[in-house]
Amino acid sequence: MPRYLTVEQVKAYHRNEIPTDDDEWIEAAIDAAEATLDQACQRRFVVATTATARVYVPNSCDRLRIHDCTTVTAVSNDGTTVAGADYQLEPLNGLSWAGESRPYEEIVLKSGWWYVDGREATVSVTATWGWSAIPARIVQAALIVAKNVLLKRDEEKLQLIGLSDRDSTIVNEAIAHYRRVEAWGIG
């Protein structure tokens, strides 16, 4: 699976600031940075490769929150195929309002209703899951977090704890636009 960062990127970005050339430790810092950003944003920033099916529990009659995907090839609602003309992928055109390429994260039915049966997964979606590319702001935030992990060099604290106020502000501003509504406790 493609990573947000490579060891070479971390070494080049931080030049002589990081206290180690140990590639294993740098890999651990990259892992910690990726996990921290994934948790903060409630999504994984992976590049989409192949289509697979996933099932979902509808929590609305006409809207279905799904994982990030670049294409949807099949949708079924309680075992019945939903025609492409009967649903709409959002964000529309796969773009944010600022014009940035974004994955689809919601399917809106234009006719009919999702079959809602309590908490049962009644909708199946076959899609290419992930992003077309890892956003530059996420890469930048990962570099900052990885550096802070390396400077701490404390294996028990491989998380966002301990960022300076300046770095914390930069990281939070970089990732704010990429947080799913679930990260804010909405939806």
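Just the heavy atoms: all of them, side chains too, but no hydrogens, waters or symmetry mates, feed the values below. Residues: numbered from 1 along the sequence shown. Quick caveat, the model's predicted, so the values are computed rather than measured.
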Write out all pairs satisfying ring-ring contact (aromatic ring centres under 6.0 Å, His included) with one or both partners inside residues 94-121, taking only residues at least two apart or from two chains. none
Here the ring-ring contact (aromatic ring centres under 6.0 Å, His included) pairs for residues 48-86, sequence neighbours left out, are Y56-H67
Shortest non-hydrogen contact from [X] to [Y]?
| X | Y | answer |
| --- | --- | --- |
| A33 | A142 | CB-O, 3.6 Å |
| E120 | P58 | O-CD, 4.1 Å |
| F45 | P135 | CD2-CD, 3.9 Å |
| G130 | P103 | O-CB, 3.6 Å |
| K110 | A85 | CE-O, 2.9 Å |
| V7 | I30 | N-CD1, 3.8 Å |

Tell me every residue that passes side chain to side chain donor-acceptor pair (under 3.5 Å) with N93, counting only those two or more places apart in sequence or in another chain. none
Distance in Å, [X] [atom1] paired with [Y] [atom2], rounded so as to fall on 0.5 Å steps:
| X | Y | atom1 | atom2 | value |
| --- | --- | --- | --- | --- |
| T126 | R54 | OG1 | CZ | 11.0 Å |
| W129 | T70 | CH2 | OG1 | 10.0 Å |
| E27 | L5 | CD | CG | 10.0 Å |
| L143 | I170 | CG | CD1 | 12.0 Å |
| I26 | Q9 | CD1 | CD | 12.0 Å |
| I175 | L37 | CD1 | CG | 5.5 Å |

Hey, mind stepping through N172 and R179 against side chain to side chain contact (heavy atoms under 4.5 Å, CB included) and telling me if it holds? CA-CA 10 Å; N172 283 320; R179 287 187 168 139; 3.3 Å; yes
In the structure I gave you, are the side-chain heavy atoms of [X] and [Y] within less than 4.5 Å of one another anywhere?
| X | Y | answer |
| --- | --- | --- |
| R3 | D31 | yes |
| Q140 | Y4 | no |
| T49 | T128 | no |

The salt bridge (Lys or Arg N to Asp or Glu O under 4.0 Å) partners of R43 (sequence neighbours excluded) come to D68, E105
With clusters defined by side-chain heavy atoms of hydrophobic residues (ILVMFWY) lying less than 4.5 Å apart, directly or transitively, does [Y] cluster with [X]?
| X | Y | answer |
| --- | --- | --- |
| V108 | Y87 | no |
| I107 | V55 | no |
| V10 | V171 | yes |
| I134 | Y178 | yes |

Is the backbone N or O of D38 less than 3.5 Å from a side-chain atom of R44, with the two atoms forming a donor-acceptor pair by type? no
Qualifying residue, where the test is side chain to side chain contact (heavy atoms under 4.5 Å, CB included) with L109 and the options are V82, L64, V75: V82
Qualifying salt bridge (charged side-chain N to carboxylate O under 4.0 Å, His left out) pairs with a residue from residues 79-97, counting only residues at least two apart or across chains: R63-E90
Salt bridge (charged side-chain N to carboxylate O under 4.0 Å, His left out): which pairs involve residues 121-146, sequence neighbours left out? none
Stepwise side chain to side chain contact (heavy atoms under 4.5 Å, CB included) check, Y13 with I144: CA-CA 9 Å; Y13 181 77; I144 293 167; 4.1 Å; yes
